[in-house]
Asker: 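Here it is, the structure, as structure tokens.
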Amino acid sequence: MNEDIKKAFDVLVAGGLILYPTDTIWGIGCDATNEDAVRRVYELKRRNDSKALITLLDNPVKLDFYIDGVPDVAWDLIELTDKPLTIIYDNARNLATNLIAEDGSIAIRITKEEFSNKLCQRFRKALVSTSANISGEPSPANFDEISDEIKSGVDYIVSYRQDDTTKSKASSIIKLGKSGEVKIIRE
């Protein structure tokens with residue numbers, strides 16, 4: 001795993017794309033502050049860039065750097081959840097402009113899974129994490145379900161957990177409003 005983290009880190013620093021395991025499904029990742037890398041993710045997925053991508057962080061403390069005014073309820077949700085939870089926050093900042101939704105929001109998940117957490121720690125920036133599929137096609141439940149087109153479109157494929165055939169699923173998604181209102185997007 002450590003060698004994979006080092007190689008993935010080098011690719012991320014160079015502005016490349018990686019294919020990597022997360023706390024949910026396999027993801028396509030890049031530096032969430034690099035507009036060119038984010039554009040490549042949209043192109044690979046054949047996805048309109050008006051539909052924002054999820055980003056990963058390793059620690060909730062880093063939220064304040066990327067969100068102007070984290071609602072108080074977010075801290076409780078992050079602490080109390082027992083499964084992967086993506087939260088959509090208003091007032092995104094310090095991220096690639098083509099990553100932020102038209103309304104200024106961004107989806108962020110704090111990953112607790114070992115590989116993605118350690119990679120985020122090492123990278124020390126937000127990391128894009130979008131499902132490893134062409135937009136509109138089913139999300140792959142494990143590495144074997146990822147298409148050759150996606151595999152050939154990234155600069156590095158992590159070896160760690162490729163043989164894991166556990167059927168993973170996407171995270172729950174909640175949108176938090178400025179006043180702390182909670183809207184469930186995906187259970």
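All residue numbers refer to positions in the sequence shown, counting from 1.
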Asker: Would you mind checking if Lys167 and Glu145 are paired as a salt bridge, meaning a charged N to carboxylate O distance below 4.0 Å?
Answerer: yes
Asker: So that I can tick it off, tell me whether Asp23 and Lys112 are bridged by a salt bridge, with the cut-off set at under 4.0 angstrom between side-chain N and carboxylate O.
Answerer: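 No, no charged N to carboxylate O under 4.0 Å.
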Asker: Does Arg47 count as lying over the ring of Tyr42, i.e. NZ or CZ under 6.0 Å from the six-ring centre, within 45 degrees of the axis?
Answerer: no
Asker: About how many Å separate OG1 of Thr55 and CG of Leu99, when rounded to the nearest 0.5 Å?
Answerer: 6.0 Å
Asker: Before accepting this row, confirm whether a basic side-chain N of the pair Arg39/Glu35 lies closer than 4.0 Å to the acidic partner's carboxylate O.
Answerer: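 No salt bridge links Arg39 with Glu35.
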Asker: Okay, side chain of Asp68, backbone of Asn91: is any donor-acceptor separation there less than 3.5 Å?
Answerer: no
Asker: Is there a donor-acceptor pair under 3.5 Å between the side chain of Asp155 and the backbone N or O of Leu17?
Answerer: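 Such a contact is found between Asp155 side chain and Leu17 backbone.
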Asker: Between Lys62 and Asp58, is there a side-chain N and carboxylate O pair less than 4.0 Å apart?
Answerer: yes
Asker: If you count the non-hydrogen atoms of other residues, nucleotides and ligands that lie under 6.0 Å from CZ in Arg124, is the total more than 12?
Answerer: no
Asker: Please say whether the positively charged group of Lys118, taken as NZ for Lys or CZ for Arg, lies over the ring of Phe123, i.e. under 6.0 angstrom from the six-membered ring centre and within 45 degrees of the axis.
Answerer: no
Asker: Name every donor-acceptor pair, under 3.5 Å, that has one atom in a side chain of residues 133-141 and the other anywhere in the protein, sequence neighbours excluded.
Answerer:
| residue | atom | partner | partner atom | Å |
| --- | --- | --- | --- | --- |
| Asn133 | OD1 | Lys45 | NZ | 3.1 |
| Asn133 | OD1 | Ser131 | OG | 2.4 |
| Asn133 | ND2 | Glu137 | O | 2.6 |

Asker: Give every residue pair that meets the salt bridge (Lys or Arg N to Asp or Glu O under 4.0 Å) criterion with at least one member in residues 74-88, sequence neighbours excluded.
Answerer: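 Pairs touching residues 74-88 that pass the test: none.
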Asker: Measure the spacing between OG of Ser172 and CZ of Arg109 and express it to the nearest 0.5 Å.
Answerer: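 If I round to the nearest 0.5 Å, the distance is 10.0 Å.
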